[in-house]
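In what follows, every heavy atom counts, from backbone to side chain, and hydrogens, waters and symmetry copies are set aside. One is the number of the first residue; the rest follow in order along the sequence. Every number for a ligand or one of its atoms is a count from 1 in the order of the listing.
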Amino acid sequence: MSYLKKLYWSNRESSIEKKMAGNEGMENLITLVNRLQDVATRSGVAMDMDLPQIAVVGGQSAGKSSVLENFVGRDFLPRGSGIVTRRPLVLQLVNNGSRKEEYAEFLHCPNEKFTDFDEVRREIEEETDRVIGGKGISNIPINLRVFSPKVLNLTLVDLPGLTKVAIGNQPLDIEARIRNMILEFISKESCLILAVTPANTDLANSDALKLAKEVDPKGTRTIGVITKLDLMDEGTNARDILENRLLPLRRGYVGVVNRSQKAINDNKEIVAAIDEEKQFFQCHGDYKHMAEKLGTPYLQKILNQQLSSHIRETLPALRKKLLDQMKAFEKDMKREDMNLDESAVKTKTMILLMNQLEAVFINAIGCYESDNIGKSLNNGSKIHYLMHEHFPQEIEKIKLSDDDLCQQIKLAILNIRGVRSGMFTPDMAFEAVAKEQIAHLKEPAMNCISQVVSELQELLDDCTQLMDKYPKLREMVDEKLMLHVRECEEKCQEQLSALLEYELSYINTKHIDFVGLKGVKSQLAYYQKGDKEREDNMNDDDNQKVFDITNILIEDIKNNGIIDREVEIFEILVNSYMTIVTKTVQDLVPKTVMCLIIKKIKNFIKLELLSQLLAEEDIFTLMELCKDEKNKRDDLVRMYHATKDALKIVREVSSSISKNGV
Ligand code: GDP
Ligand code: MG
């Protein structure tokens, strides 16, 4: 009997069966799922409707692809050694009735009809590589729809075979990844599991059955397929399992014989192979009593029936899911202020964003707003570190070593004296050295400001991330803030320069903390005495009076010449004076920064930013959404409508089923 005749038979048979079951709606159910799939596809977004389908699982070379090809009656799946199926293939078989046309379509090439099935194979291979070059795997499915008058409506998913060892440049975790991918599909209650096991291996150890058992322990949605019955050792058979006694499944097992590798190499037609399969069962002593419940056409038929009834069973759950989804979308749409086109909403959102910007900035700076105290480790604390730890360290770094300072003092003394010689060197030498040191403070002070400013700039960049969805707004806000920060920085620099200018203009030797000559005298005395002597004279106040600067100097002239002694005195004076100036600068830098930069920025955000923005651009331009966000919202609307459509279809079908009394 030819394949076509047989199909006519099996179709007639199934339609008779359907009539007997009084179920005209059944055939519609698989079409329903396809229609739902269409809805999801047309929406143009990845929507997981969790539609009922049959996933094909099994070890490598178990015969999965062969079974699928037999369903279609065409060679169209990639073959070869190793992991050939590396992405899930969602295969929808659509019976296009009396039309003779046989063709395939891929979801990823809309409007392209494939009539050459070799090209279908090539496209599967190429599309696999397009997403995952090399040897990896991916769970992004390839969707293929085959239209033919010879197929029964079915939706099947071909999955990568379970593998044990990674070969070549395959990732080492390939086994675990394939397992997880398969589990991801088959753990859904809506999925029927077609567990393919070759008969010439130990059935109890079948990878497919073991995996199916993990997600379907009661075996209610697993269908067993035993392949390679022709390859069993002579004297053995698979009756125990095929008669559902060995490892019982509620839906039972179907045995098949696919083409051997040799038959494939010889280009044997599938139609002929199916004929042979039939012969095999009818003539085999162990199987002929159950031949009508074996073989590819029978498998196809019961899959069609079981998928249909499975869809009917899952319909209420699907309906509930769609309803929930629709509600969730509605909520999202509300939250996203989908009617953002109105200018009032835009203005409101913009003001809100400005307030948020201010709040985020204040929060990040912390420390000076009383209600933010206790917020730790923010940008404020980094700035604090820059001003109070880093800046003093930098000042310490530029400080002259004792030797260098002595050298400078000596030079100053000699220069001031010129040709003259005298016992005392005028104050001018001291001033010259002190001023030189003060001038050195300028660089670290300016550096400190620019470091604080770049920290603030970074912080502001972070802050404006909250307007990410509105690129134009963010760009303008960034620009305005940058300009303003730069202005503040300049003012702050000016002020600090002025401060150092004051310090340079007048060396205040009457400063309350300045050591003065009197202090020098006592310090020198302190140094001159040995430790022991100092201890001895701890309580001897009279002893101090002996050390008079004049005496010391006279003593020195006698011994070493005047310079060394003078240098020592100057060093103490300069150090003392510099301590005062450094303290002042260290104290004023943070105050200036706070007053002229941070507070100014805060006020700018609070009081000026918004009006400056609106003065330059209209609200529609400012509040233009970014592409991603626009797409996201469009997607949301599409998904919402898709779900609504899907729900309508489900309702229609449900009511037609109940009208037909099923
Ligand atoms: P998959 O890796 O599970 O997709 O397995 P394939 O369908 O590619 O089959 C692997 C190999 O086993 C191929 O060479 C097939 O020709 C061969 N094969 C599959 N099923 C049968 C069968 O029932 N009998 C014989 N003799 N060979 C089979
Ligand atoms: Mg395969």
Can you tell me which portion of [X] lies within the under-4.0 Å heavy-atom range of ligand 1? Options are side chain, backbone, both, or neither.
X      : value
Thr85  : neither
Leu231 : side chain
Arg259 : backbone

Mind checking whether [X] has an N or O less than 3.5 Å away from an N or O of ligand 1?
X      : value
Thr227 : no
Val257 : no
Gly63  : yes

*Would you mind running through ligand 1 and noting each atom that sits below 4.0 Å from a heavy atom of Ser260?*
16 (O), 25 (C), 26 (N), 27 (N)
*List every atom of ligand 1 that sits less than 4.0 Å from any heavy atom of Ile264, numbering the atoms from 1 in the order shown and giving each element.*
16 (O)
Tell me, which protein residue and heavy-atom name are nearest [atom], and how many Å apart are they?
atom                    : answer
atom 20 (N) of ligand 1 : Asn258 ND2, 3.1 Å
atom 7 (O) of ligand 1  : Ser66 OG, 2.6 Å
atom 2 (O) of ligand 1  : Ser61 N, 2.8 Å
atom 8 (O) of ligand 1  : Arg79 NH1, 3.5 Å
atom 26 (N) of ligand 1 : Asp230 OD2, 2.8 Å

*Parallel, tilted or perpendicular for Tyr103 and Phe147, by the 30°/60° rule?*
parallel
Rounded to the nearest 0.5 Å, what separation is found between the [atom1] atom of [X] and the [atom2] atom of [Y]?
X      : Y      : atom1 : atom2 : answer
Leu303 : Ser308 : CG    : OG    : 10.5 Å
Asp173 : Ile178 : CG    : CD1   : 10.0 Å
Thr464 : Asp478 : OG1   : CG    : 3.5 Å

*So between Lys228, Gln261, Lys64, whose heavy atom ends up nearest atom 12 (O) of ligand 1?*
Lys228
*Picking from Glu105, Arg145, Gln53, what satisfies side chain to side chain contact (heavy atoms under 4.5 Å, CB included) with Gln92?*
Arg145
*Among Asn244, Thr197, Leu299, Thr222, find the one that has a side chain to side chain contact (heavy atoms under 4.5 Å, CB included) with Tyr253.*
Asn244
*Evaluate side chain to side chain donor-acceptor pair (under 3.5 Å) for Asn304 paired with Gln300, printing each intermediate quantity in order.*
CA-CA 6 Å; Asn304 169 276; Gln300 209 172 344; over 6 Å; no
*Ignoring water, what protein N, O or S atoms are under 2.8 Å from the Mg ion (ligand 2)?*
Ser65 OG
Side-chain donor-acceptor pair under 3.5 Å between [X] and [Y], yes or no?
X      : Y      : result
Glu101 : Asn96  : no
Glu292 : Tyr298 : no
Gln465 : Asp461 : no

*What residues form a ring-ring contact (aromatic ring centres under 6.0 Å, His included) with Phe185, not counting sequence neighbours?*
none
*Gly161 near ligand 1, heavy-atom distance under 4.0 Å?*
no
*Kindly give the heavy-atom pair with the smallest separation between Arg87 and Pro141, and that separation in Å.*
NH2-O, 3.3 Å
*Lys64 versus Leu68: any side-chain heavy-atom pair under 4.5 Å?*
no
